[in-house]
**Student:** 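Below are the structure tokens for one structure; questions will follow.
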Amino acid sequence: MKVSAETNMPRNFDFAEAEPRIYEWWLKNGWFKPEAAAADAEPFVISMPPPNVTGSLHIGHALFTALEDLMIRYERMRGKAVLWLPGTDHAGIATQLQVENMLREEGASREEVGYEEFLHRTWQWKEEYGGEIISQLRRLGASCDWDRERFTLDDGLSRAVLQAFVTLWEQGLIYRGPRLVNWSPGLQTAVSDLEVESSEEEVTLYYFRYPVEGGEYLPVATTRPETILGDTAVAVHPADERYRHLIGRRAYVPILEREIPVIADEHVDMEFGTGALKVTPGHDFDDYELGQKHGLTLLNILNKDASMNANAGKYAGLDRYDCREQLWADMDAADLVIKTEAYTTRIPRSQRGGEVVEPMMSTQWYVRIQPLADKAIAAVREGRIKIVPERFEKIYFHWLENIQDWCVSRQLWWGHRIPAWYREKDGDPEGEIYVGIEAPTGDGWMMERDVLDTWFSSGLWPFSTLGWPQETTDLERFYPTQVMETGHDILFFWVARMIMMGLWFMDEAPFHTVYLHGLVRAEGGKKFSKTLGNAIDPLTVVDKLGADPLRFTLITSGTPGNDCHLDETRLDHSFRFINKVWQMTTFINMNLDGEVELGLPPRNDLDLSSRWILSRLHRLIANVQYLFNIYQYGEAGNQILAFMWDEFAPYYLEISKQALYQGSDAQKNIVRRVLVHVQDSCLRLLHPFMPFITEEAWTYLPRAGEALIMADWPQADSGLIDDEVEARMYTYLELVREVRNTRGEYKVDPGRRIRAIAYDKSKTRNLADNVEILRRLCNVDELILIPLNNAEPANAAGIVVGEITLYLPLEGMLDIAEECKRLAAEEAKLKQQLERSAKMLANDNFVQRARPDVVQRERDRMNELEAATAQIQERITSLCQ
RNA sequence: GGGCGAUUAGCUCAAUUGGCAGAGCAUCCGGUUUACACCCGGAAGGUUGUAAGUUCGAGUCUUACAUCGCCCACCA
């Protein structure tokens, strides 16, 4: 088929103009939708990790967009029915905090505006900022099916959440009850274990004396003196000689004088602190266990805002930290204080607010998680789900095997309200509980005010977004999805939950592969943060350089699972690569001159350099395919770049000028077809990395399809891969490098054309047929082949590569002494390499045990080195002695 | 206390089943060669954290150690 390309290609790629235009064009043609593929095409589905609705795009979003869009575009080009389903997450706590902050700035508060108005304001906020992140994703080129966009709080997904909750309830997997939870006093809600982050901090360890019946004292240490007020026992080790006599006696809570027992338990570490432990079951997870074991009273001394309650006696109403100070002063006055010392321990803080959380009794809703976890463990264990990189499987197992029941209720306003109703019974206002999708009939029912943990709804994401619990055609066709691509930081929060929920409700794993990327960090491994001012804003980069360089840099900067340190100089480099791709296309485009036959010319018509570039290209395609199969996208991108920039552009494009400018029509034709084939293949390979430039450049090549986004992914043709051709070409290129070097050393004007005289010892390799390589690459205008090496010219610099010797006559410029020095250096270099090869080949173990192809390669290398050494020695003999 | 990752050129990072350690940036030298100065040609730069081991051969596999980072865990 003969095709012509667009002409008048612009000198530069105007990304600011082109990117939005191309994006709209793709969108308008429906190419982002799975329906664009053949009706019977195999589906490929990725559920986008829904960004927080209030968030603005940061570099992490850009990374997942780049990676997922790469996978999506690759599979689309492979002809699959591709669905990348986008959406946003209502992000309970995060969003509520933002809106509360906004209200605070207005001088109002959540309580003041009231429940209804607060939700109204939050929805407004969502409408205003929720769209922003979506449009920012579009700027990056995300080829999502926007018609299927979802939001975790929209009607369909809310329905899915209710259904899931009610089903779990009916299966007896949800219970409600008082438990010690991590309480966030500022947010006034329970948070799950995962939402608590602890880090080492400098605190004070307070030593004091616990009065014991009989006038004795038990020394005790604590980091939280205010919890003394909630003590319901003091514990010592049963074998502790120091305190054994006190076991069973009464102790008196300092200041409050409340009576509590002295108990014995092996849990107490005799070595630590004083060897005696105060027990506060109401505000410490360890002590809670201990309290259960010993039947201790459980006393709550805190209000929901972490001020002291009535159980704190005269301290009631004080903030927890004020109380700590006050109580300690009072104890000091009562002569109960021993000492204080600096101490480092882990302080639990809320992941969101950063405030210190308090273990506190509270009635919450829980999911009995073990049955779900068992299925999730089995799915990975049996290989139905693979995690990339594999090492995260171990982390995944460890977490699931030690999992605690999931506290799913949050005392927030923004979220899915738990579908439970209470009615008074026997004086208990919550004596009767009803759980169901619809409100119960009858009078006196009050709906639960708590909402569900955000991750409860995100756990359903892979199927709720496809219509579940309704049996939609989308659900039928697109569940399970294929790859879940997300950050390793939410492996537990999200990935594990999706796996559990998917297996539980759909009876099938939600995806077969989990690809985990690392965190993007600033130079020096520092975390990006606005306060440090070192954040790279993806939108600023897009404004300045376009989306393509950002995407290419993010993908080629890291390896799966590892954090990557983003280096801004790489962004510039990617930008320049994009220009390079454009310029290469420009060159080909301007040399087309009308119609071009698509497809490669017959192999017999191809000269060495053409065979070489095709061999290199198809080797590249095979490598890229291999790397894609093992999710090594970064390496694939780098190899494509290296091929184009270091092989195709500097060598083949240059050599092709000989045919294009001076060749016959037939020669021009052949070269054009090769150029078009190689560049076309490269643009296809690059499209998933840099969709905009490649799509635009592609229109300037002769092509069969309408759009690159829908074009076929290249297939490696092993028939074109030719080791012999590559080796020959490599020799010539080595010669080129040596000629350039020598010219440089003798300060020959780079533009000056020179003659060369060659002696080619090998009969099969014909340098003369490939003189255009030397002509174009190192300005050797005329090549004279001599039949015997002893016909060497005087006043010439000698260059030896393998079996070829090349003389550059440098009339008048040659300094014999210099030349001899140069030759001696060359000889030394060769000798060193030769010794290495000889040593290896002299080793019988190597020859016998190494892979045959490795041995053969070494033999070939040694033969070349020997030939070269012989020739250079001849040259030294004749010139220098 | 357990587990994981990292350690490679001055800096940021690669290196596909073990087979001559590579890029970008920075440095040095030379270039307005009709696609590209957003470029081209050349150079320099390394005992792959340390010490052993396995192997014909180790950046890659094993063990120990060091430094940094992360995750998990109930020492007040």
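Order of the sequence lines fixes the chain letters, A, B, ..., with proteins taken first and strands second; residue numbering starts at 1 for each chain.
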**Student:** Not counting sequence neighbours, which residues clear side chain to side chain contact (heavy atoms under 4.5 Å, CB included) with V196(A)? List them please.
**Tutor:**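 For V196(A) the side chain to side chain contact (heavy atoms under 4.5 Å, CB included) partners, ignoring immediate neighbours, are N182(A), V191(A), P348(A), V357(A).
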**Student:** Pick one: which of F13(A), F643(A), F552(A), W582(A) meets ring-ring contact (aromatic ring centres under 6.0 Å, His included) with F577(A)?
**Tutor:**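 In the set F13(A), F643(A), F552(A), W582(A), the residue that makes a ring-ring contact (aromatic ring centres under 6.0 Å, His included) with F577(A) is F552(A).
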**Student:** Look at all strands and tell whether T559(A) reaches a base, only sugar-phosphate, or nothing, counting heavy atoms closer than 4.0 Å.
**Tutor:**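 If one applies the 4.0 Å heavy-atom cut-off, T559(A) turns out to touch the sugar-phosphate alone, with no base involved.
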**Student:** For RNA chain B, which residues of residues 392-402 of chain A approach it to below 4.0 angstrom with any heavy atom?
**Tutor:**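 By residue number: K394(A), H398(A).
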**Student:** Taking for each residue the nucleotide of RNA chain B bearing the nearest heavy atom, is the 5' side occupied by R224(A) or by D193(A)?
**Tutor:**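 Counting from the 5' end, the first nearest nucleotide belongs to D193(A).
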**Student:** Provide, to the nearest angstrom, the distance between the CG atom belonging to L554(A) and the C1' atom belonging to rU12(B).
**Tutor:**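 Between C1' of rU12(B) and CG of L554(A): 14 Å.
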**Student:** Counting distance only, does the side-chain N/O of N402(A) pair as donor-acceptor with the main-chain N or O of H398(A) below 3.5 Å?
**Tutor:**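 Yes.
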**Student:** At 4.0 Å (heavy atoms only), tell me whether R346(A) reaches a base, stays on the sugar-phosphate, or touches nothing.
**Tutor:**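 Base, at least one base atom sits under 4.0 Å.
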**Student:** Is the closest side-chain donor-acceptor distance between D265(A) and H237(A) under 3.5 Å?
**Tutor:**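 No, H237(A) and D265(A) have no side-chain donor paired with an acceptor closer than 3.5 Å.
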**Student:** Between the protein and nucleotides 34-39 of chain B, which nitrogen or oxygen pairs come in under 3.5 angstrom?
**Tutor:**
{"residue": "rA35(B)", "atom": "OP1", "partner": "K657(A)", "partner atom": "NZ", "Å": "3.2"}
{"residue": "rA35(B)", "atom": "OP2", "partner": "Y661(A)", "partner atom": "OH", "Å": "2.7"}
{"residue": "rA35(B)", "atom": "O2'", "partner": "Q583(A)", "partner atom": "OE1", "Å": "2.6"}
{"residue": "rA35(B)", "atom": "N6", "partner": "A649(A)", "partner atom": "O", "Å": "3.3"}
{"residue": "rA35(B)", "atom": "N6", "partner": "E654(A)", "partner atom": "OE2", "Å": "3.1"}
{"residue": "rA35(B)", "atom": "N3", "partner": "Q583(A)", "partner atom": "O", "Å": "3.4"}
{"residue": "rC36(B)", "atom": "OP1", "partner": "R11(A)", "partner atom": "NH2", "Å": "3.1"}
{"residue": "rC36(B)", "atom": "O4'", "partner": "Q583(A)", "partner atom": "OE1", "Å": "3.2"}
{"residue": "rC36(B)", "atom": "O2'", "partner": "N579(A)", "partner atom": "OD1", "Å": "3.3"}
{"residue": "rC36(B)", "atom": "O2", "partner": "K580(A)", "partner atom": "NZ", "Å": "3.0"}
{"residue": "rC36(B)", "atom": "N3", "partner": "K580(A)", "partner atom": "NZ", "Å": "3.0"}
{"residue": "rC38(B)", "atom": "O2'", "partner": "N579(A)", "partner atom": "OD1", "Å": "2.8"}
{"residue": "rC39(B)", "atom": "OP1", "partner": "R576(A)", "partner atom": "NE", "Å": "2.9"}
{"residue": "rC39(B)", "atom": "OP2", "partner": "R576(A)", "partner atom": "NE", "Å": "3.0"}
{"residue": "rC39(B)", "atom": "O3'", "partner": "K580(A)", "partner atom": "NZ", "Å": "3.4"}

**Student:** Determine which nucleotide pairs with rG57(B), using a 3.5 Å limit on both distances of a Watson-Crick or G-U wobble pair.
**Tutor:**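 Matched rG57(B) with nothing under the 3.5 Å cut-off.
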**Student:** In the strands shown, is rA64(B) matched to any nucleotide by a Watson-Crick or G-U wobble pair with both distances under 3.5 Å, and which?
**Tutor:**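 Across any shown strand, rA64(B) pairs with rU50(B).
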**Student:** What nucleotide, of rG24(B), rA76(B), rG19(B), holds the atom closest to the side chain of D567(A)?
**Tutor:**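 Looking only at side-chain atoms, D567(A) lies closest to rG24(B).
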**Student:** Is there any salt bridge (Lys or Arg N to Asp or Glu O under 4.0 Å) pair reaching into residues 221-232 of chain A, and which pairs are they, with sequence neighbours excluded?
**Tutor:**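 Checked against salt bridge (Lys or Arg N to Asp or Glu O under 4.0 Å) - neighbours excluded - the pairs reaching residues 221-232 of chain A are R224(A)-D284(A), R224(A)-E358(A), E226(A)-R324(A), D231(A)-K278(A).
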**Student:** If rA44(B) has a Watson-Crick or G-U wobble mate with both distances under 3.5 Å, name it; if not, just say none.
**Tutor:**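 Per the H-bond distance test, none.
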**Student:** Between rA15(B), rC74(B), rG24(B), which nucleotide has the shortest distance from any of its atoms to the side chain of Q632(A)?
**Tutor:**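 Out of rA15(B), rC74(B), rG24(B), the nucleotide with an atom closest to Q632(A)'s side chain is rA15(B).
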**Student:** Distance check: side-chain N/O of R570(A) vs OP1/OP2 of rU12(B), anything under 4.0 Å?
**Tutor:**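 So the side-chain polar atoms of R570(A) never come under 4.0 Å of the phosphate oxygens OP1 or OP2 of rU12(B).
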**Student:** Mind checking what makes salt bridge (Lys or Arg N to Asp or Glu O under 4.0 Å) contact with E647(A), not counting sequence neighbours?
**Tutor:**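 Expected list: R616(A).
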**Student:** Before we go on, tell me: are the rings of F692(A) and F15(A) under 6.0 Å apart, centre to centre?
**Tutor:**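 Between F15(A) and F692(A), which both carry aromatic rings, the centre distance is not below 6.0 Å.
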**Student:** Identify the nucleotide, in any strand shown, that forms a Watson-Crick or G-U wobble pair with rU32(B), with both distances under 3.5 Å; if there is none, say none.
**Tutor:**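 Result: none.
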**Student:** Using a 4.0 Å heavy-atom cut-off, does R857(A) contact any base of the nucleic acid, only the sugar-phosphate backbone, or nothing at all?
**Tutor:**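 Touches sugar-phosphate only.
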**Student:** Please name all residues satisfying side chain to side chain contact (heavy atoms under 4.5 Å, CB included) with E393(A), sequence neighbours left out, ordered by chain then number.
**Tutor:**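 Applying side chain to side chain contact (heavy atoms under 4.5 Å, CB included) to E393(A) gives V380(A), K386(A), I387(A), E390(A), F397(A).
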**Student:** Partner of rU16(B) by Watson-Crick or G-U wobble geometry, both contacts under 3.5 Å, or none?
**Tutor:**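 Checking every strand shown, rU16(B) finds no partner, since no pair has both distances under 3.5 Å.
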**Student:** For nucleotides rG69(B) and rG49(B), find the distance between their C1' atoms and express it as a whole number of Å.
**Tutor:**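 Straight-line distance between the two C1' atoms is 15 Å.
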**Student:** With a 3.5 Å cut-off and sequence neighbours excluded, list the donor-acceptor pairs that the side chains of residues 619-626 of chain A form with protein atoms.
**Tutor:**
{"residue": "R619(A)", "atom": "NE", "partner": "E726(A)", "partner atom": "OE1", "Å": "3.4"}
{"residue": "R619(A)", "atom": "NE", "partner": "E726(A)", "partner atom": "OE2", "Å": "3.0"}
{"residue": "R619(A)", "atom": "NH2", "partner": "D723(A)", "partner atom": "OD1", "Å": "2.6"}
{"residue": "R619(A)", "atom": "NH2", "partner": "E726(A)", "partner atom": "OE2", "Å": "3.2"}
{"residue": "N623(A)", "atom": "ND2", "partner": "Q639(A)", "partner atom": "OE1", "Å": "3.4"}
{"residue": "Q625(A)", "atom": "OE1", "partner": "W713(A)", "partner atom": "NE1", "Å": "3.1"}
{"residue": "Q625(A)", "atom": "NE2", "partner": "Y74(A)", "partner atom": "OH", "Å": "2.8"}
{"residue": "Q625(A)", "atom": "NE2", "partner": "N629(A)", "partner atom": "OD1", "Å": "3.2"}

**Student:** Below the 4.0 Å mark, does rU33(B) have OP1 or OP2 next to a side-chain nitrogen or oxygen of N779(A)?
**Tutor:**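 For N779(A), the contact criterion (side-chain N or O under 4.0 Å from OP1 or OP2 of rU33(B)) is not met.
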**Student:** Would you tabulate the nitrogen or oxygen pairs shorter than 3.5 Å linking the protein to nucleotides 16-18 of chain B?
**Tutor:**
{"residue": "rU16(B)", "atom": "O2'", "partner": "Y626(A)", "partner atom": "OH", "Å": "2.1"}

**Student:** Check this for me: does any side-chain nitrogen of one of K747(A) and E745(A) sit under 4.0 Å from a carboxylate oxygen of the other?
**Tutor:**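 Salt bridge flag = no for E745(A) with K747(A).
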**Student:** What contact category does Y343(A) fall into here, base, sugar-phosphate, or nothing, at under 4.0 angstrom with non-hydrogen atoms?
**Tutor:**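 If one applies the 4.0 Å heavy-atom cut-off, Y343(A) turns out to touch the sugar-phosphate alone, with no base involved.
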**Student:** Considering every strand shown, what is the Watson-Crick or G-U wobble mate of rA9(B) when both distances are under 3.5 Å?
**Tutor:**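 Across all strands, not a single nucleotide pairs with rA9(B).
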**Student:** Give the rounded distance in Å between these two atoms: CG of N638(A) and P of rG24(B).
**Tutor:**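 It is 10 Å, rounded to the nearest whole Å.
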**Student:** Enumerate all atom pairs, one protein N or O and one N or O from nucleotides 45-48 of chain B, separated by less than 3.5 Å.
**Tutor:**
none

**Student:** In whole Å, measure the gap between the P atoms of rC4(B) and rC40(B) for me.
**Tutor:**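 Their P atoms lie roughly 45 Å apart.
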**Student:** Which part of the nucleic acid does H267(A) contact within heavy-atom distance under 4.0 Å: base, sugar-phosphate only, or nothing?
**Tutor:**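 If one applies the 4.0 Å heavy-atom cut-off, H267(A) turns out to touch a base.
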**Student:** Determine which pairs satisfy salt bridge (Lys or Arg N to Asp or Glu O under 4.0 Å) with at least one residue from residues 830-843 of chain A, sequence neighbours left out, and list them in order.
**Tutor:**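 Of all non-adjacent pairs touching residues 830-843 of chain A, those that pass salt bridge (Lys or Arg N to Asp or Glu O under 4.0 Å) are R836(A)-E858(A).
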**Student:** Quick one: pull up CG in D287(A) and CG in L277(A) and give me the separation to the nearest 0.5 Å.
**Tutor:**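 That separation rounds to 5.5 Å.
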**Student:** What is the distance from atom CE of M690(A) to atom CD1 of I640(A), rounded to the nearest 0.5 Å?
**Tutor:**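 With rounding to 0.5 Å, CE (M690(A)) is 8.5 Å from CD1 (I640(A)).
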**Student:** Under 4.0 angstrom, heavy atoms only, what part of the nucleic acid is N843(A) near: base, sugar-phosphate, or nothing?
**Tutor:**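 Result for N843(A) = sugar-phosphate.
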**Student:** Please determine whether the number of non-hydrogen atoms from other residues, nucleotides or ligands lying under 6.0 Å from atom CD of Q856(A) exceeds 12.
**Tutor:**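 Buried by this count: over 12 neighbours within 6.0 Å.
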**Student:** Would you please name every residue forming a side chain to side chain contact (heavy atoms under 4.5 Å, CB included) with D680(A), sequence neighbours left out?
**Tutor:**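 By the side chain to side chain contact (heavy atoms under 4.5 Å, CB included) rule, D680(A) matches R684(A), W698(A), L701(A).
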**Student:** For I338(A), which residues count as a side chain to side chain contact (heavy atoms under 4.5 Å, CB included) partner, sequence neighbours excluded?
**Tutor:**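 Checked I338(A) against side chain to side chain contact (heavy atoms under 4.5 Å, CB included); matches are Y207(A), R209(A), P219(A).
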**Student:** Using a 4.0 Å heavy-atom cut-off across all strands, classify T345(A) as base, sugar-phosphate, or nothing.
**Tutor:**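 Sugar-phosphate contact only - T345(A) comes under 4.0 Å of backbone atoms but never of a base.
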**Student:** Which base, if any, makes a Watson-Crick or G-U wobble pair with rC70(B), both distances under 3.5 Å?
**Tutor:**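 Answer to the pairing question: rG3(B), which forms a Watson-Crick or G-U pair with rC70(B).
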